[in-house]
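Below, each value reflects all heavy atoms present in this structure, side chains not excepted, and no hydrogens, waters or symmetry copies.
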Amino acid sequence: MIFFPVRLVLFFLLFPGFSVLAPSVLASSDVAPSVVSADPAATLASGGGLASASASGGARQRGVAPLEEAENLQILRKERHQEVRISNAWPGAPDLVYHLVPRGIDPGGLDLPPGRVIPVPPRRVVSLSTPNIPFIRDLGELSSLVGVDTADYVYDEGVRQALREGAVGTTGAGAQLDLERLLALRPDLVLLSAYSPDDPALRRLEAAGVPVMVIADWREATPLGRAEWVRLFGALYEKDALAQELFSDRARRYRDLARRTDRAIPRDARPGVFANAPWQGQWPLPAGESYLARLFADAGARYLWADTRGTGSLFLDLEAVLARAVDAEFWVNLNATWSSPEDIRREDPRLTLFRAFREGQVYHHHRRQRARGANDFWETGVGRPDLVLKDLVAIFHPQADLVPGHELFFYRRIFP
């Protein structure tokens, strides 16, 4: 049996995500180590070279457009600083207020309302959630990263190399946070996701006086809402214009493909799809107003639980799922430990009764996965819903020529 940290289980219960048991994530020198991504997909993941072309000219600019899609993030531009408000960081959370004050400006002279003051840009960052890494990478700021929670779930090759060389350290997270090790990295900012005001890592870091920012992109209910959190990182690194450019390009690609798919695929011709897999006696399914349900709809599929309310998970038994989805054309986002039809058969012979299994239309997002579980779907995929959508459109509508020549980036058909 595989055991997972409590923080992963809590994440899964609060947010349906993309698969069962998938990992989520949320030095003594005065100079942060240099980390350059060696991942061959880094250029594609950053938007076709856009980041590298613009990173040197991304200084904060007044007049940058307001946010479009993110529901839980506000960035308010003041005369000499920026105010960030993060809402809904956990169920019932109050607004979390952060004042991003450029280095060299005395916060005492700004007459700031209550909120944490964060000098920007940060120079030594610890990220306790792996989806933050591509946002930092795409802004050309990986040299500021000095710590992560665990090496096991990091996919980016540049960060992995820095971990091997000791330029980036590991700190643990949640109840397993090694505070002494984290303090030794001397971060000027720690980024984490919290599931309640009693999150053990959040409470210990705040008690120790460590500057902390709670990242709540995972609470967004839409793909573009999550992706727009690159704008927060643009504010942190004083690269607002570059972050807006990155998001605008990705949003344009996503919206264009969703529109073309909607026009090309008649409503009565959309294939049925269901997701995830049995876990500890129940089958968690994304509710009908969730992130994943929106992706399926935009990819021209008929999600079989689209009529349900909520953005979290539905917990059903296998019999209930089989009754509704037995004739669905596609099954996606499997248990993270499955990689072949044999794995499914061993789990429960009844799983072979699904039409999608019988016809070999079973896909999992583990094409870019490393041996110890690091999966780029949980890193790059968070900020690149346009790439995820291309994969799903290619899977659901191979004859429609909506993404000609597209080779699946995150997904793989598990049948040989």
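- Nearest heavy-atom pair, P114 versus V97, reported as atom, atom and distance to 0.1 Å: O-CG1, 3.7 Å.
- Using a 4.5 Å heavy-atom cutoff, the side chains of L182 and L205 are in contact.
- Looking at R231, R255, R252 one by one, the single match for salt bridge (charged side-chain N to carboxylate O under 4.0 Å, His left out) with E68 turns out to be R255.
- With a 4.5 Å cut-off on side-chain heavy atoms, I133 and V159 count as touching.
- Counted by atom type alone, N72 and R219 present zero donor-acceptor pairs between their side chains at under 3.5 Å.
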Going through the distances and angles, do F296 and V332 end up as a side-chain contact (heavy atoms from CB on, under 4.5 Å)?
CA-CA 10 Å; F296 290 155; V332 300; 3.5 Å; yes
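- With contacts defined as side-chain heavy-atom distances shorter than 4.5 Å, the pair F233/D138 does not qualify.
- Around the CZ atom of R309, the shell of radius 6.0 Å holds no more than 12 heavy atoms that belong to other residues, nucleotides or ligands.
- In terms of heavy-atom proximity, T170 sits nearest to A151 at CG2-N, 3.8 Å.
- Between W331 and W283, the distance separating the two ring centers is shorter than 6.0 angstrom.
- A distance of 10.0 Å separates NE2 in H365 from CG in L392, rounded to the nearest 0.5 Å.
- Annotation: side chain of W218 is in contact with side chain of R226 (closest heavy-atom distance under 4.5 Å).
- Here the closest non-hydrogen pair linking I395 and P398 is O-CD, 3.5 Å.
- Contact annotation: the side chain of W229 never approaches that of N132 to less than 4.5 Å [non-hydrogen atoms, C-beta and beyond].
- Using cut-offs of 30° and 60° for the angle between ring planes, the W305 and Y303 rings count as tilted.
- Taken from CD in E220 to OH in Y291, the straight-line distance is 10.5 Å, to the nearest 0.5 Å.
- Taking the ring axis of Y155 as reference, the NZ or CZ atom of R370 stays within 45° of it and closer than 6.0 Å to the ring centre.
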Kindly determine whether V148 and L128 satisfy side-chain contact (heavy atoms from CB on, under 4.5 Å), including the steps that lead there.
CA-CA 5 Å; V148 295; L128 303 183; over 6 Å; no
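- Using modelled atom types, one finds no donor on one side chain facing an acceptor on the other under 3.5 Å when comparing Q74 with D95.
- Here the side chain of R260 pairs a donor or acceptor atom with the backbone of L402 at under 3.5 angstrom.
- Using a 4.5 Å cut-off on side-chain heavy atoms (C-beta onward), L112 and H81 make contact.
- The shortest distance between side-chain heavy atoms of R116 and E206 falls below 4.5 Å.
- Listed here is the closest heavy atom pair of Y153 and E379: O-OE2, 3.3 Å.
- Taking CZ of R253 as the start and CG of L257 as the end, the distance is 11.5 Å to the nearest 0.5 Å.
- Within the model, atoms CZ of R413 and CZ of F330 stand 10.0 Å from one another, a figure rounded to the nearest 0.5 Å.
- Between the side chains of D198 and S196, no donor N or O sits under 3.5 Å from an acceptor N or O.
- Taken from NZ in K78 to CG in L100, the straight-line distance is 12.0 Å, to the nearest 0.5 Å.
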Steps toward side-chain contact (heavy atoms from CB on, under 4.5 Å) verdict (I75, R77):
CA-CA 6 Å; I75 302 174; R77 290 165 181 83; 4.1 Å; yes
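- Judged by distance alone, the side chains of R412 and S339 never bring a donor and an acceptor atom under 3.5 Å apart.
- Between I344 and W338, the shortest heavy-atom distance links the atoms CG1-CE3, 3.5 Å.
- Open room surrounds CZ on R203; 12 or fewer heavy atoms of other groups in view lie less than 6.0 Å from it.
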Does the side-chain contact (heavy atoms from CB on, under 4.5 Å) test come out yes or no for F357 and I414, once each step is laid out?
CA-CA 10 Å; F357 183 91; I414 71 164; 5.8 Å; no
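- Of all heavy-atom pairs spanning P278 and L318, the tightest one is CG-CD1, 4.0 Å.
- V362 is not listed as a side-chain neighbour of F354, based on a closest heavy-atom distance of 4.5 Å or more.
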